Amino acid sequence: MPTDEYLHQARARGFLNQCTDEEGLAAALRAGVVSAYVGFDCTADSLHVGNLVGIMNLRLLQRCGHRPVPLMGGGTTKIGDPSGKDESRQMLTVEKIAENMAGIRRCFDPFLVFGDGPTDAFMPNNADWLDELGYIALLREVGPHFTINRMLTFDSVRLRLEREHALTFLEFNYMILQSYDFRELYRRHGVTLQMGGSDQWGNIVSGVDLVRRMESATVFGLTTPLITTASGAKMGKSVRGAVWLRADRLAPFDYWQFWRNTEDADVGRFLKLFTDLPLAEIARLEALGGAEINDAKAILATEATALLHGREAAEAAHNAARAVFEGVGEAALPEVAISAAEAAEGVPVYRLFVLAKLAASNAEARRLIRGGGARLDDKTIEDETMLVARARLEEGVKLSAGRKQHRMVRVEA
């Protein structure tokens with residue numbers, strides 16, 4: 001039987017920031033299965049940790065007996081969401097958007113149950129209706145329900161103008177199209193709740209208002225807080241770039257390490273947002289102090305990694321980390337294979353760091369070595385041009401960048 005347990009859990013776990021009508025939404029949740037969507041534009045071929053709050057929010061909704069709808073922005077990606085951006089996005093080809101969408105689809109499988117049941121997730125694509133719109137028809141049908149005066153008050157527009165950064169007319173239309181998405185999802189699939197980050201509040205309110213005006217229907221909007229770390233850093237970035245949600249973009253070991261490196265003050269909050277652990281267990285872990293907080297961080301890392309990559313991969317990453325940092329057991333570090341042709345005459349050590357994706361370029365690898373932050377088989381590298389022989393590479397060498405980035409490099413079989 002449907003309940004409003006989702007709202008109680010969302011508040012307790014830190015997902016609830018704003019809601020257009022919390023009492024009305026609670027009543028709707030008690031009355032039957034509510035379908036709720038979060039939009040994801042297709043700007044890369046994988047989502048990253050910065051998208052994870054939205055995914056986990058959909059997961060929580062489904063676990064509470066309702067239907068999650070991750071909406072693919074095949075249409076809106078052609079325009080670009082100006083929310084929180086100071087510059088226009090690069091225009092992507094239709095082919096690239098389709099390629100990115102296929103990669104993004106894989107990111108949801110570990111978190112949501114897809115199917116044909118009443119609470120099973122499904123994934124529509126807003127290109128299905130946006131690509132068919134005639135511009136004049138859209139302006140005549142939807143345009144009268146938007147005023148420039150009101151659009152200029154929303155953060156997604158106002159902040160861009162206050163910073164004197166260009167906002168193209170193309171991007172200015174994004175709010176209208178996102179609102180139109182809500183109307184179409186309501187018409188086609190009975191979706192009555194739109195969720196998103198707090199920077200989407202203006203777009204979400206506009207969509208709720210459009211559905212009310214055009215369909216005479218009551219729908220709801222809910223935002224989650226934008227997640228930053230205790231030190232103010234943006235969530236989803238590591239020292240070496242985005243923390244991707246696909247194993248071929250970021251190894252499970254590195255994903256585990258990202259969570260293990262959580263700041264002490266964030267452990268409890270991140271356990272609530274990014275794991276399925278019961279709140280009582282999280283309260284116990286949150287209360288740990290001193291060196292014991294590292295145990296809570298390891299649990300956070302293992303639970304978060306298990307959700308995405310599976311329990312076996314999470315435990316392997318944990319064991320590998322213990323082997324690297326505590327000298328316990330045998331390490332199972334992420335492995336990088338290089339071709340026999342590449343290794344034929346030996347490989348300059350700086351080049352190995354690039355091949356292992358521990359450095360973005362030869363120049364960065366050289367700087368790492370000169371700064372004393374690079375090690376080969378746990379020994380600091382003194383000569384950046386040192387040649388690593390093929391025979392040694394066939395046995396496998398361990399590369400380390402700093403204290404927390406490690407790879408095993410071998411010649412492929």
Side-chain angles (χ1 to χ4, degrees), residues 17-21 24-25 28 34-43 54 57-58 68-85 88-89 97 123-161 167-224 226:
N17 183 56
Q18 295 168 289
C19 184
T20 56
D21 178 6
L25 177 57
V34 168
S35 297
Y37 90 94
V38 177
F40 298 88
D41 277 349
C42 308
T43 53
N57 196 21
L58 288 173
V69 183
L71 174 68
M72 292 292 95
T76 43
T77 304
K78 298 172 185 175
I79 293 178
D81 182 2
S83 302
K85 308 291 190 305
S88 300
R89 281 178 173 165
I97 291 172
M123 185 177 288
N125 176 6
N126 64 16
D128 290 346
W129 51 85
L130 294 182
D131 283 359
E132 296 175 357
L133 285 173
Y135 187 59
I136 299 299
L138 174 68
L139 290 180
R140 286 174 59 85
E141 183 181 17
V142 178
H145 300 291
F146 290 82
T147 67
I148 298 297
N149 310 61
R150 191 177 188 219
M151 293 173 75
L152 290 174
T153 68
F154 290 124
D155 286 349
S156 59
V157 174
R158 180 178 56 81
L159 294 176
R160 189 87 158 255
L161 297 179
L167 178 70
T168 68
F169 185 69
L170 182 69
E171 294 169 293
F172 193 63
N173 280 271
Y174 193 95
M175 184 184 299
I176 296 175
L177 296 184
Q178 184 169 326
S179 301
Y180 189 79
D181 282 347
F182 200 175
R183 179 233 181 157
E184 286 299 303
L185 287 168
Y186 172 79
R187 277 186 168 184
R188 296 170 183 236
H189 303 292
V191 173
T192 56
L193 173 60
Q194 180 182 176
M195 305 191 296
S198 60
D199 60 337
Q200 294 291 316
W201 179 248
N203 293 344
I204 290 173
V205 168
S206 295
V208 169
D209 190 51
L210 184 66
V211 176
R212 177 184 61 81
R213 289 170 179 266
M214 300 192 73
E215 304 296 328
S216 299
T218 300
V219 294
F220 307 96
L222 182 150
T223 63
T224 55
L226 292 182

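Note that the structure is predicted; figures quoted are calculated from it, not measured.
- Atom SG of C42 is separated from atom CD1 of I97 by 7.0 Å, given to the nearest 0.5 angstrom.
- Every residue two or more places apart in sequence or in another chain that forms a salt bridge (charged side-chain N to carboxylate O under 4.0 Å, His left out) with D131 is listed here: K78.
- Between D128 atom CG and D181 atom CG the span is 10.5 Å, to the nearest 0.5 Å.
- The distance from atom CZ of F40 to atom CE of M72, rounded to the nearest 0.5 Å, is 6.5 Å.
- Nearest heavy-atom pair across V38 and G54 is CG2-O, 4.3 Å.
- In terms of the side chain to side chain donor-acceptor pair (under 3.5 Å) criterion, N125 has no residue partners (sequence neighbours excluded).
- Between F182 and L210 the shortest side-chain heavy-atom distance does not fall below 4.5 Å.
- Put simply, CG on L177 and OG1 on T76 are 7.5 Å apart, with the number rounded to the nearest 0.5 Å.
- Looking only at distances, no side-chain donor or acceptor of N17 sits under 3.5 Å from a matching main-chain atom of T223.
- For E215, the side chain to side chain donor-acceptor pair (under 3.5 Å) partners two or more places apart in sequence, or in a different chain, are R183, R187.
- When all heavy atoms of G221 and I204 are compared, the closest pair comes out as CA-CG2, 3.5 Å.
- Taking CG of L71 as the reference point, atom CG of L58 lies at 10.5 Å (rounded to 0.5 Å).
- The heavy-atom pair separating G74 from A127 by the smallest distance is C-CB, 3.8 Å.
- R188 has its side chain within reach of W129: a pair of non-hydrogen atoms, C-beta onward, lies under 4.5 Å apart.
- Evaluation of the side-chain contact (heavy atoms from CB on, under 4.5 Å) rule for V34 yields A28, L29, H66, T192, L193 as partners, not counting sequence neighbours.
- Residues forming a side chain to side chain donor-acceptor pair (under 3.5 Å) with W201 (at least two apart in sequence, or on another chain): none.
- Shown here are the side-chain contact (heavy atoms from CB on, under 4.5 Å) partners of D21, two or more places apart in sequence or in another chain: E23, F220.
- Summarising the geometry, atom CD belonging to Q18 is positioned 10.0 Å from atom OG1 belonging to T224; distances are rounded to the nearest 0.5 Å.
- The two residues D41 and G73 have their closest heavy-atom pair at OD1-CA, 3.5 Å.
- When only modelled atom types and interatomic distance are considered, Q178 and Q200 share a side-chain donor-acceptor pair under 3.5 Å.
- Residues V219 and V191 have side chains not in contact (no heavy-atom distance under 4.5 Å, counting atoms from C-beta outward).
- Taking every heavy atom of both residues into account, S179 and G207 meet most closely at OG-N, 3.3 Å.
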